[in-house]
Amino acid sequence: MILVLLLFAGLSAITPWLTRILSTRVFYLVALLPAGAFVYTLTQSGRVLAGDEVTQSVPWIPQLGIALSFRVDTLGWLLALVVTGIGALVLIYCARYFSPDEPSLGRFAALLLAFAGTMYGLVTADDIYVMFMFWEITSVLSYLLIGHYTERKESRGAALQALLVTTFGGLAMLVGVILLSTAAGTTSIAAIVADPPAASALVTTSIMLILAGALSKSALVPFHFWLPAAMAAPTPVSAYLHAAAMVKAGIYLIARFAPGYADTPGFTEVLVVVGVWTMLLGAWRSLRQYDLKLLLAYGTVSQLGFLTVVVGFGSRDAALAGAALLLAHALFKCTLFLVVGIVDHDEGTRDLREISGLGRRRPVLAAVGIIAAASMAGIPPLLGFVSKEAVLSAFLEAGEHGEPWGWVALVGVTLGSILTVAYSARFVWGAFARKSGADARAAAAPHASHSPDPLILIAPVVLTVATLAGGFLSAPIGHALEGYADTVPGEGDYHLALWHGFEPALGISALVIALGLGLFAVRARFSRLQKKVPVVVDASRSYWAIVRAVDAAAARVTLFAQKGGLPQYLSTILLVFVLCLGATTALNRTWPTEFVLFDYPAQVFVAAAMGAAAIMAARATHRLAAVLLVGATGFGLVVLFSFHGAPDLALTQALVETVTIVVFVLVLRRLPPRIAQHNKPMKRGRRIAIGALVGVTMGLAGLIALGARQAGTLTDELARLSVEEGHGKNIVNVMLVDIRAWDTMNELSVLIVVATGVASLLFVTGRNVSMPRLRESRKRRQTTQRVKLVNDPHTSSEAPDDRQHSWLLGGRTLAPENRSLILEVLVRLIFHPAIVVSVYLLFAGHNAPGGGFAGGLVAGLALIARYLAGGRYEIGETLPIGPGALLGTGMLLATGTAVGSLFLGADVLTSAYFETDLPLLGHVSFGTSTIFDIGVYLVVIGVVLDVLRALGGEVDRQQAEADGDELSDDHTVMAEEAR
Amino acid sequence: MSDILVPLLVIIPLVGAAITLILGRHPRLQILISVLALTAVTAAAAVLLAIVDSTGKPAVVKVGGWEPPFGIVLVVDRLSAIMVVVSALVLLGVLVFAVGQGYADRDRDTPVSIFHPTYLILSAGLFDAFIAGDLFNMYVGFEMLLAASYVLLTLGGTGSRIRAGVTYVVVSLVSSLLFLGAIALIYGATGTVTMALLSDRIRELPLDVQMILCAALLIGFAVKAAVFPLSFWLPDSYPTAPAPVTAVFAGLLTKVGVYAIIRTDKLLFFDVPLQVPLLIVGGLTMLIGILGALAQADVKRLLSFTLVSHIGYMIFGVAIGTELASGATIYYIVHHILVQTALFLVVGLIERKGGSTSITQLGGLLKAAPFVAVLFFIGALNLGGIPPFSGFLGKVGLFEAGAASPNPLVYVMIGAGIVTSLLTLYALMRVWNMAFWRPKKDVEGYESPLIESLQEGPTGSVGTMTGTATATDTETRTSPLMIGAATGLMALTLGLTIFAGPLFDLAQRAAGNVSTPEPYIDSVFPEGALVPVSVDEGGVG
């Protein structure tokens, strides 16, 4: 069976390509596969009918209990025959139904074939999850097939509607499946049905959920509306999916579970009520249709209701009748759809008011249609008659045994059958009769747009023969189906037969036929009556109402959630923080009892100052003021660090704050000086409140957290470790470059990313790798100078080779009013000492305050000073390498020490340490961690350089460009360099 | 062997980043280095997974040879290894797509020269977050990937990207601050940041205090994982980025948050009863998220909302807390990483082929780009939980786990999960109807009743308000690399179905490691933690 499924999958996959070669003949080819599956199933008949089962199982997901297990018993065998047999016939029909120039033919053929395979899997699967998978796949394939005419709006809408409705049911069913299989402890359908878990509310719920899936799939009330809409599909699809196969899946499922679960409270009741209701509703609507296809579609809805009543009734005889009826319905309904397809082709319309006299023109077609309709109406000696007899007998029997639901079902089914006879007659009349009114129109219409094609009749004729033969072979068929029926508990010894003698059921049948035909005879009057009956609940309209309501709710909720933008998102996050932390804090019962408010009184003062600065920063109206105030809080931290005996941290923090302020100021040059105030006072108040609450909660949480500490920190041990094993007296530095060097290495990458990211925002046009230097611009300047010489005395005063006479080279590029000689001199004088200091900090850092980070910052500040004094070309003159190279090299040094230790067989980032006495230098000690620190040093310089270049140099350039300065042509220089 | 492989997961991308920075002028070499680096990481991660899985014991590396809790430990158990392998695959796939897009644009400067180093640092950060055995190091990992993501999001510096970037950066910084604050609180209360030691130390604290610490930590993570109500920022941030960037964000960044939540719940705060709150926020995340998706006409935004929504399933799985649930959650995470990334890449292709990402403007794509259509359809069904795709299997796993530990709230959650699944399918099939089926010539306003109701909804205003303005990319070329990358990732999601058995088995084994703290603690402290005795009030910086 698995092989069959694989063949289906494989052949479907290549069908689109085959179609390119074979055109419509591809259908004959692919029909071979379901036909083969049909034959294969027939070969299993012997074993299945002997009461044996054909099983096959391959484990798949044992953790979820899901296995690819398949099992063919009588019910599965019956349905497998139906879906493969009809599948093959419909495919053959397609070969003639479609013209070779039909668009998307390959896709259609592939989908239809895949559907046949999926149906086969559905009815043979034993694992309930695998069955569900096929179940859902049929929904998806149905979606794709209904939407075959993708250019038609109604096709697309109907497809989506069918998908949503059946998936809705399917998902409900999934929950039921999960609950039931968990309760039963197995995923094998056979085992679940044979050995149901003890009755409980849970089991009842899960069965109801599974039934919901079945009802939606089989288009029962209240889900029935999707089926008529699905008639937008090509007719073969309607015949196969929406008459013979897919809609039977729900019936199949009910039939599957009935043997084990018919006693579940509500099972029979729900199915009988829903079934009868659907049967009557469908038939009633069917009588109002003028489109033959819609007439049949509502007829299908009605018949599915009928089937539901029968298979859901839960007695042995009803089960037998249900199986027979299922077969009969598949045969005749499929035939009828195929006939309508031919009529549509021939007449160019399906409107029964416009078709006239077709019976005479196409006698074979008419015969086929009439026999099928007769079977639907339950006229002897057809299979439809035999099965309907069985149904009536089963309900009579049940009623006589004192089951009230037997009578309800009997009455309902009888009424429904009367309507069925009426619409069957209406169909025959509509399709084949001569109609006086229609004659004129029919004569005017271009007749027989397609010439009659005998090959297209193969499928309907074969099916009709089966319907006919079924009636006469009812005894053996019945015998075969008893294999299923006998699994339903309860007594009963009904056997299918064409002739049971004069029984009450026969009488009812006769009555039904008579009344039905009578109803047809008074159709005009009945139609007027129908119009007067108001539609109480229109399920289709309810569906749209629900869809719209969901859409509207979605829009409203989303609008509400997303409306406020960033301020709202932040408020939400902070409020949640306050609520969660506040609630847990409020519930806290272990508050600390001893408080150390401060170590030094000065701490209080500094903290207060920092708080004040923070508040003022939030209130500041000038950007520069805000930046300086934020800087003030940072310097407050420097003081606090010093109090805690962390000079190294204080040093680093001070340097960071300095660089930050400079960078801020560089940015502020391009921003308006004042901060715009958009906030309404109320919003402002709310934000202040949130801010205050966050602070208070965090403070309280900190109090509790610190008060709850039981274990000691690592401080003392770390101090010992850093001296003894890290060979450094500066714990912070040892931590940074050795103990927690991994963090440092990673943080370096953060620095790199941020710096390059900032730069890339400014160098949108392309990031140049090397620095802009004087010499590149000079060539251009010389040419422009010639022009400028005459009217620009400032420029002319500059000799091109005044390298020796200038304190800062870049200074020459500045406009004279921007130059400050004193500054240039000063910078020139302090630059080299600053670099020396930075190098000293780098190497001394292991034992004294400093380290690569602080050293790098000092070097960076020196660079900043050069830039501030000399302008943007000064950066390139000072450090003629690109920041990318610096950053990359620094990173390589840091990662290199990490990899190096790996090569030496040690843990990653393990440091090595050497000590020796050298001449001149004296006692020298050197650890590999120093190499790491050099990496840090380089990266920090690179970061400063990159930021300076972008926020300094590039902003200058853009400013100059905006000012229309002659320097704008440097843009080209930079762009060239970028290449 | 694992001693070497574990740190290499981070070091290789960092070295790659360093080299690509130096090679800023040589885009081709940059590509070569990036691809090599990520391929190497993928291989290393795969080997590592095999080792960790076969030995059954987490691999522990003491960086610099420093014993925990003094030094940093890197711990790779099965969960970490799985996350790293999947992330590496996704990163590699998206890189190929990005390279392809660069070639398709025939512009060697975009992606700009910093794309590669930034992308590699993002990778390094991700891997570091997954292998960190130290809470502060995990924070550093987050910082790396976030800093890199800020840069990637604003790549190109268009107005809408900068605007989205501001939202993203500010929210991320706030969440990082909350995370850092939580670390400070935890360190204050326990005196350590080594996670294995924390697990013990936290359990020694009064439960009240544990709850405070747990709440503080979880909020930071929940923002990153985009858990309701901390999720609103995401759909405003992600969709504006270039397609490959959005894809990688959507696939991976939120999952780091989920990963961290799993660690918080199962390792650090094992005793804190989190089930009820997690179930509630998980359910709301699903429902509110998917309603958001329904209100979107822009496919990228729509997918961003489904991303948020499906985080709810993972939270649901974490909340149930049984081993079965953890296994299903891990499977679901893997599934979601792959399918969400693949779908965003497909949308990148749609944008190229259709010139837009809005279903109000797309049409006729089935004919114009049948292969893209197939990719989208498979991805959509997968995300919508249609069998036999992995989304379905993951949900079955989660729901089975829920059914096995019955409790009314769990049943409600299963219901929410079902509704979300249906609505996801609805949202995505509507896209299919409009963008793929509908002929291009019919693209004139809205057409079916469904879409009329979409029109009635204030989608337009939602869009304009938050600055969706999909800059209509006139670029229509695609390259085989782009299609290949999207196809490859989609194929991986199919692999999740075909090899569902062994993969679920692996996830289950991973869950066995994760669902109690002991295996993790024992691997870091085989002879029990050596706890320093001295009590000291001062902290270490």
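First the proteins, then the strands, lettered A, B, ... as listed; each starts at 1.
- With a 4.5 angstrom heavy-atom cutoff, L422(B) touches chain A via backbone and side-chain atoms both.
- Heavy-atom distances place the side chain of V557(A), and not its backbone, under 4.5 Å from chain B.
- Only the side chain of L202(A) comes within contact range of chain B, with heavy atoms under 4.5 Å apart.
- In terms of heavy atoms, G188(B) sits closest to L706(A) at CA-CD2, 3.4 Å.
- For A583(A), no part sits under 4.5 Å from any heavy atom of chain B, backbone or side chain.
- Of the atoms belonging to I162(B), it is side-chain heavy atoms, and not backbone ones, that fall under 4.5 Å from chain A.
- Separation of atoms CG (L887(A)) and CG (L21(B)) is listed at 6.0 Å; rounding is to 0.5 Å.
- Contact count versus chain A (heavy atoms, under 4.5 Å) is highest, among I418(B), V151(B), V223(B), for I418(B).
- Residue contact with chain A, scored on non-hydrogen atoms closer than 4.5 Å, involves the backbone and the side chain of L185(B) alike.
- Proximity of V175(A) to F399(B): side-chain heavy atoms (C-beta onward) are nowhere separated by under 4.5 Å.
- Using a 4.5 Å cut-off between heavy atoms, T190(B) touches chain A through its backbone atoms (N, CA, C, O) alone.
- Heavy atoms of L174(A) lying under 4.5 Å from chain B belong exclusively to its side chain.
- Of the two parts of F228(B), neither the backbone nor the side chain holds a non-hydrogen atom closer than 4.5 Å to a non-hydrogen atom of chain A.
- Residues G397(B) and L64(A) come closest through the heavy atom pair CA-CD2, 3.6 Å.
- Considering only heavy atoms from C-beta on, R438(B) stays 4.5 Å or farther from T150(A) through its side chain.
- Residues L393(B) and W60(A) have side chains in contact (heavy-atom distance under 4.5 Å, counting atoms from C-beta outward).
- Of the two parts of T182(A), only the side chain, counted from C-beta on, holds a non-hydrogen atom closer than 4.5 Å to a non-hydrogen atom of chain B.
- Interface remark: of the candidates T192(B), L120(B), T118(B), V170(B), V170(B) forms the most heavy-atom pairs closer than 4.5 Å to chain A.
- In this structure, chain A has no heavy atom under 4.5 Å from any part of A17(B).
- Of the inter-residue distances, the one linking S231(B) atom OG with Y569(A) atom OH reads 9.5 Å to the nearest 0.5 angstrom.
- Across all non-hydrogen atoms, the minimal contact from A147(B) to V750(A) is CB-CG1, 3.8 Å.
- Atom-to-atom distance recorded for I66(A):CD1 and E400(B):CD is 6.0 Å, nearest 0.5 angstrom.
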After noting the C-alpha distance and the side-chain angles of T584(A) and D208(B), does the key distance pass the side-chain contact (heavy atoms from CB on, under 4.5 Å) rule? CA-CA 7 Å; T584(A) 46; D208(B) 292 350; over 6 Å; no
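- Interface remark: A124(B) contributes no atoms to any contact with chain A (heavy atom separation under 4.5 Å).
- With a threshold of 4.5 angstrom between heavy atoms, I290(B) does not approach chain A through any atom at all.
- The backbone N or O of V140(B) lies less than 3.5 Å from no partner atom in the side chain of E747(A), so there is not a single donor-acceptor pair.
- Aromatic rings from Y143(A) and W437(B) are positioned such that their centres are separated by under 6.0 Å.
- Interface check for chain A: of the options L423(B), L218(B), V10(B), V61(B), the most heavy-atom pairs under 4.5 Å are formed by V10(B).
- If you check the side chains of W742(A) and D134(B), you find no donor sitting under 3.5 Å from an acceptor.
- Heavy atoms closer than 4.5 Å to chain B are found in both the backbone and the side chain of L144(A).
- For S139(A), no part lies near chain B; criterion is any non-hydrogen pair under 4.5 Å.
- For Y411(B), the part sitting under 4.5 Å from any heavy atom of chain A is the side chain, from C-beta outward, and nothing else.
- To the nearest 0.5 Å, atom OG of residue S760(A) and atom CD1 of residue I114(B) are 3.5 Å apart.
- Residue W233(B) touches chain A through both its backbone and its side chain, counting heavy-atom pairs closer than 4.5 Å.
- At a threshold of 4.5 Å between non-hydrogen side-chain atoms, the residues V753(A) and M144(B) do not count as touching.
- The shortest heavy-atom contact between D236(B) and Q562(A) is OD1-NE2, 3.7 Å.
- The backbone N or O of R156(A) sits less than 3.5 Å from a side-chain atom of N433(B), completing a donor-acceptor pair.
- The contact between F132(A) and chain B is made by backbone and side chain atoms together, counting heavy-atom distances below 4.5 Å.
- Residue A646(A) does not touch chain B at all, counting heavy-atom pairs closer than 4.5 Å.
- Once rounded to the nearest 0.5 Å, the distance linking OG1 of T558(A) with CD1 of I288(B) reads 8.0 Å.
- Interface remark: of the candidates K367(B), M211(B), K395(B), M211(B) forms the most heavy-atom pairs closer than 4.5 Å to chain A.
- In this structure, the side chains of N137(B) and N746(A) come closer than 4.5 Å at one or more pairs of heavy atoms.
- A heavy-atom distance below 4.5 Å is not found between the side chains of T167(A) and Y426(B).
- In this structure, the portion of L366(B) lying under 4.5 Å from any heavy atom of chain A is its side chain and not its backbone.
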Working for side-chain hydrogen bond (donor to acceptor under 3.5 Å, both in side chains), residues D743(A) and Y139(B): CA-CA 9 Å; D743(A) 277 346; Y139(B) 171 80; over 6 Å; no
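- E204(B) touches chain A through backbone and side chain together, each having a heavy atom under 4.5 Å away.
- Of all heavy-atom pairs spanning A295(B) and A555(A), the tightest one is CB-CA, 3.8 Å.
- Contact of I752(A) with chain B is made through the side chain alone, with heavy-atom distances under 4.5 Å.
- By the 4.5 Å heavy-atom criterion applied to side chains, C580(A) and I219(B) are counted as neighbours.
- The part of L178(B) that comes within reach of chain A is its side chain, from C-beta onward, which places non-hydrogen atoms under 4.5 angstrom from that chain.
- In terms of heavy atoms, L230(B) sits closest to I573(A) at CD2-CA, 3.7 Å.
- To the nearest 0.5 Å, atom OG of residue S722(A) and atom CZ of residue F70(B) are 11.5 Å apart.
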Tell me, with the steps shown, if L902(A) and L8(B) meet side-chain contact (heavy atoms from CB on, under 4.5 Å). CA-CA 9 Å; L902(A) 282 181; L8(B) 280 185; 4.0 Å; yes
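- Proximity to chain B (any heavy atom under 4.5 Å) is shown, for I739(A), by both the backbone and the side chain.
- In this structure, chain A has a heavy atom under 4.5 Å from the side chain of L381(B), while its backbone stays farther away.
- Counting only heavy atoms from C-beta outward, the side chains of D505(B) and Q63(A) approach each other to under 4.5 Å.
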